[in-house]
Amino acid sequence: MTENSHKRYVIIVAGGNGARMNSPVPKQFLKLDGKPIVMHTINKFTETDPTIEVILAIPPEQVQLWESLCQEHGFHKTVKIAPGGESRFQSVKNSLQFVTEDSIVGVHDAVRPLVSAKTIIAAYKAAEMYGNAIPGVPINDSIRQIESTRSIALDRSRYCAVQTPQCFRSDILKKAYEQDYKYTFTDDATVVEAMGEHIRLVDGNTENIKITGPKDVIIAEALLKAEVQSFVPNKI
């Protein structure tokens, strides 16, 4: 990331409650390699860009747990806490109050700790050039569209799976979140697209999985171990 680039923020959305994990601990706080998942996620961004400002959106009732985990793991990075809402939309909207200057804002799932520095850099740089950018990866499985009692084969080369961080110029993202919530707002790109913006795609990384169930933790542990063994510092 260049010296003359815009200020950067990342909103880490951490609203999970652990239901799909069958765990009393919210999934973002489950341990991965001995450390809460969300701490790995935050580290990915601060290691890629030490100047980035981190905003963590978590439910108010989880703030005390977060603070105790920070003490337990010696995690003392500067993180602003935004109140998580009933929906992702509300959590991001609440977080935008901390974005106080023209900047590039990324929104990232707390439970995607394996995002690569390459993906982060590509998304922020493209958003700086074009106003927005989201990472996507090819779909390897065959896909079919379900219509009532039948299904139709689709050309998978025309589709991709979408990841985070989804990055936007701050003025665009703030204006988008002035809209009323709609059930079709499944991510930040759909919110911005509803305002008439064309969404840009950049290459994501296949390891950038979303940890939502127990099986994902096992996969993430293996991927993290492989990542550490093959780590080469990024030059930004």
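Remark: Q145 CD is packed, more than 12 non-hydrogen atoms of other residues, nucleotides or ligands lying under 6.0 Å away. By the 6.0 Å contact criterion, CD on E72 is enclosed, its count of non-hydrogen atoms from other residues, nucleotides or ligands being greater than 12. Atom CD1 of I152 sits in a crowded spot, with more than 12 heavy atoms from other residues, nucleotides or ligands closer than 6.0 Å.
F185 shares a hydrophobic cluster with Y9, I11, V13, I55, F89, V92, L96, F98, V99, V105, V107, I134, V162, F168, I172, L173, Y177, Y181, V191, V192, M195, I199, L201; the chain of contacts runs through ILVMFWY side chains whose heavy atoms sit under 4.5 Å apart.
Hydrophobic clustering places I211 together with I219 (ILVMFWY residues linked when any side-chain heavy atoms are closer than 4.5 Å, directly or through intermediates). There is a path of hydrophobic side-chain contacts, each under 4.5 Å, that joins I120 to L56.
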side-chain contact (heavy atoms from CB on, under 4.5 Å) evaluation trace for V54 with K77: CA-CA 9 Å; V54 179; K77 293 190 176 180; over 6 Å; no

Check against side-chain contact (heavy atoms from CB on, under 4.5 Å), R88 and D109: CA-CA 10 Å; R88 179 192 178 89; D109 300 317; 2.7 Å; yes

Worked check of side-chain hydrogen bond (donor to acceptor under 3.5 Å, both in side chains) between N94 and S91: CA-CA 5 Å; N94 291 347; S91 294; 5.7 Å; no

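At distances below 3.5 Å, at least one donor-acceptor pair connects side-chain atoms of N205 with backbone N or O atoms of S116. Judged by distance alone, with hydrogens and angles left aside, the side-chain atoms of T119 form no donor-acceptor pair with the main-chain N or O of V115 at under 3.5 Å. T41 places a side-chain N or O within donor-acceptor distance of the main-chain N or O of A110, the cut-off being under 3.5 Å. Proximity of a side-chain donor or acceptor of E207 to a complementary backbone N or O of L114 within less than 3.5 Å is not detected. Side-chain atoms of H73 never come within 3.5 Å of backbone atoms of P36 as a donor-acceptor pair (strictly under, hydrogens ignored). In this structure a side-chain-to-backbone donor-acceptor pair under 3.5 Å is present from Q179 to A176. In this structure, N208 contributes its side chain and T164 its backbone to a donor-acceptor pair below 3.5 Å. Looking at D49, its side chain does come within 3.5 Å of a backbone N or O of T51 through a donor-acceptor pair. Listed for the K44 side chain is a donor-acceptor partner under 3.5 Å among the backbone atoms of P113.
Within the structure, the salt bridge (Lys or Arg N to Asp or Glu O under 4.0 Å) test picks out no pair touching residues 189-199 (sequence neighbours left out). Legend: salt bridge (Lys or Arg N to Asp or Glu O under 4.0 Å) pairs involving residues 151-170, not counting sequence neighbours, sorted by first then second residue: R169-D171.
The shortest distance between side-chain heavy atoms of S68 and L65 falls below 4.5 Å. The side-chain heavy atoms of R8 and E128, taken from C-beta on, include a pair separated by under 4.5 Å. A 4.5 Å side-chain heavy-atom check between H40 and L224 finds at least one atom pair inside the cut-off. Contact check for M129 versus R200: no side-chain heavy atoms found under the 4.5 Å cut-off. Between E221 and D33 the shortest side-chain heavy-atom distance falls below 4.5 Å. A heavy-atom distance below 4.5 Å is not found between the side chains of S87 and K93. Counting heavy atoms from C-beta outward, I52 and T46 have side chains that approach closer than 4.5 Å. Side-chain contact between M39 and L69 is present, with heavy atoms from C-beta onward closer than 4.5 Å.
Residue I104 holds its CD1 atom at 7.0 Å from OG of S170, rounded to the nearest 0.5 Å. With values rounded to the nearest 0.5 angstrom, I42 atom CD1 is found 12.5 Å from I37 atom CD1. Atoms CG and CD, on D187 and Q163 in that order, are 12.0 Å from each other to the nearest 0.5 Å. With rounding to the nearest 0.5 Å, the separation of OG1 in T48 from OH in Y124 is 9.5 Å. Taking CD1 of I121 as the start and NZ of K125 as the end, the distance is 6.5 Å to the nearest 0.5 Å. Rounded to the nearest 0.5 Å, atoms CD1 (I58) and CH2 (W66) are 7.0 Å apart.
A pairwise comparison of heavy atoms in C167 and G106 identifies SG-CA, 3.8 Å as the closest pair. Of all heavy-atom pairs spanning S151 and R144, the tightest one is OG-NE, 2.8 Å. Taking both residues in full, the closest heavy atoms of P60 and G84 are given as CD-O, 3.8 Å, listed atom of the first, atom of the second, then distance. Scanning both residues, P83 and Q97, for their nearest heavy atoms gives CD-NE2, 4.1 Å. What you find for P165 and H108 is that their closest heavy atoms are N-ND1, 3.2 Å.
Remark: of the listed residues T212, D216, V217, V38, T212 is the sole one forming a side chain to side chain contact (heavy atoms under 4.5 Å, CB included) with K27.
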